[in-house]
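Only one structure is covered here, and it is reproduced in the block below.
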Amino acid sequence: MKALKDRILKDGRCFPGGILKVDNFINHQMDPILMKSMAVEFVRRFAGTKINKILTVEASGIAPAIMVGYLLELPVVFAKKCKPSTMENMLVTEVFSFTKNQTYTICVSKDYLQSGDKVLFIDDFLANGNAGKGMIDLVKQADAELVGMGFLIEKDFQKGGEMLRQTGIHVESLAVIESLDNCEIKLKDI
Ligand code: G4P
């Protein structure tokens with residue numbers, strides 16, 4: 001998606017270790033106009049897919065997810081990074097964050113993810129796909145169906161995209177980072 005790619009090149013910053021900082025327009029300060037355009041693009045890419053619920057994970061997935069939910073007029077559920085003591089009536093899974101080198105317990109209420117739900121997962125980054133794997137597990141536990149996964153930015157040099165697509169899931173990313181070597185942002189020409 002051209003508008004996002006242009007913005008990454010203009011305002012994205014590289015950090016050592018292959019981290020792209022986009023907190024000027026996606027995950028700290030947010031640009032709602034760009035968010036809306038990205039949500040419109042997701043709606044276009046998942047047109048024809050039967051969806052009744054948008055799922056994301058806190059925190060940075062919430063903004064793009066709610067934009068998609070708004071456009072499709074569907075409920076948006078965010079999985080919480082939660083503490084064991086609060087887990088009643090919850091579906092629970094573990095997610096290892098490679099970037100933060102930390103394992104989170106994430107959970108979602110059984111009231112909001114149910115058998116028969118047709119779920120579109122939306123998130124900001126697809127890197128190692130650990131968040132995505134956790135979502136697959138939660139959706140499976142709920143006996144719901146994961147009909148697609150949409151990411152704002154995919155890092156092609158990490159293995160999440162390949163791993164998720166191999167499962168047969170319809171995965172869409174609006175911008176794909178080919179490399180951040182030498183702190184230079186190289187975008188894939190898609
Ligand atoms: P994954 O999300 O594909 O599983 O990969 P990984 O374990 O590497 O990601 C851990 C966290 O770091 C995720 O956020 C993910 O969105 C974020 N992340 C991964 N690569 C980058 C990057 O290059 N830049 C930025 N800004 N973030 C990246 P999270 O732990 O869910 O935290 P939150 O920010 O959503 O609260």
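Residue numbers start at 1 and run along the sequence shown. Indexing begins at 1, ligand by ligand and atom by atom, following the structure's order.
- Going from atom CE of M38 over to atom CE of M1 covers 6.5 Å, rounded to the nearest 0.5 Å.
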N24 and R7: side-chain contact (heavy atoms from CB on, under 4.5 Å), yes or no, with the steps? CA-CA 10 Å; N24 172 289; R7 189 63 178 270; 3.7 Å; yes
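- With salt bridges taken as basic N to acidic carboxylate O contacts below 4.0 Å, none links R13 and D23.
- The pair R165-E154 meets the salt-bridge criterion, since a charged nitrogen lies less than 4.0 angstrom from a carboxylate oxygen.
- Within 4.0 Å of ligand 1, heavy atoms belong to protein residues G18, I19, L20, N27, E58, A59, S60, K81, F96, S97, F98, T99, K100, Y104, D124, F125, L126, A127, N128, G129, N130, A131, K155.
- Atom CE of M163 sits in a crowded spot, with more than 12 heavy atoms from other residues, nucleotides or ligands closer than 6.0 Å.
- In summary, K80 and E58 do not engage in a salt bridge, as defined by a charged side-chain N under 4.0 Å from a carboxylate O.
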